[in-house]
Amino acid sequence: MSRFRLPDRPGSQYITAQGAARLRAELEQLWSVERPAVTQAVSEAAALGDRSENAEYIYGKRRLREIDSRVRFLRKRLEGMVVVDQPPSDPGRVFFGAWVSVEDESGARSTYRIVGPDEFDMERDYISMDSPLGKVLLGKALDAEVTVRLPAGAKQYVIVDICYGARRGAK
């Protein structure tokens, strides 16, 4: 049996202007603030002598590798991103960046924003366009019924509101 596995399919390349600004701010923070501070701490720990039993040196080097890995990821990810900052020509349909209010079979309403995979955040009700719900909502119009296939079974929703810009709708 081979250990070869196909690489993971990269997520969608779309991001909101706010999401891109957040990723750029994180990159700037890591590169300009955290990395120089950790580099200085590692340098001071290395000057203390034996590095094999020097916890500050070992953990500092580990943190530097984590920072460098994240910086590489952010630079590569931001390089290929498409920033979407304009509403679509058809605001009556669900597209990237939309606030969508849906109602389930029991009448419970939820409002979500369709965003890229780099900025989904359930606390803010941001769902990825690559998520099961995000995929079925994209391109649908107001009052459309959608069925989401989940591990626990299928769930049906009705789109009751679509909004671009400021959040609107019931939670």
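- The minimum heavy-atom distance between Ser128 and Pro117, with the atom names listed, is OG-CA, 3.6 Å.
- Between Arg77 and Asp118 a salt bridge is recorded (basic side-chain N to carboxylate O distance below 4.0 Å).
- Thr147 meets the side-chain hydrogen bond (donor to acceptor under 3.5 Å, both in side chains) test with Gln156; sequence neighbours excluded.
- A salt bridge between Glu79 and Lys76 is absent, with no side-chain N of the basic residue lying under 4.0 Å from a carboxylate O of the acidic one.
- Within a 6.0 Å sphere centred on OH of Tyr14, heavy atoms belonging to other residues, nucleotides or ligands number 12 at most.
- No donor-acceptor pair under 3.5 Å is formed between the side chain of Asp161 and the backbone N or O of Val100.
- For the pair Leu74 and Leu30, the tightest heavy-atom approach, listed with the atom from each and the gap, is CD1-CD1, 4.1 Å.
- Listed here is the closest heavy atom pair of Ala141 and Ile162: C-CD1, 4.0 Å.
- Atom CD of Glu105 is surrounded by more than 12 heavy atoms from other residues, nucleotides or ligands within 6.0 Å.
- A salt bridge is absent between Arg65 and Asp68; no separation between the charged side-chain nitrogens and carboxylate oxygens falls under 4.0 Å.
- Scanning both residues, Gly97 and Arg113, for their nearest heavy atoms gives O-NE, 3.1 Å.
- Using a 4.0 Å cut-off between charged nitrogen and carboxylate oxygen, Arg109 and Asp104 do not count as a salt-bridge pair.
- The side-chain tip of Arg70 does not point at the ring of Phe73 from less than 6.0 angstrom away and within 45° of straight on.
- Ring geometry, Tyr126 versus Trp99: the interplanar angle exceeds 60°, so the pair is classed perpendicular (tilted spans 30 to 60°).
- Asn54 places a side-chain N or O within 3.5 Å of a backbone atom of Ala45 that can act as its donor or acceptor partner.
- Within a 6.0 Å sphere centred on NZ of Lys61, heavy atoms belonging to other residues, nucleotides or ligands number 12 at most.
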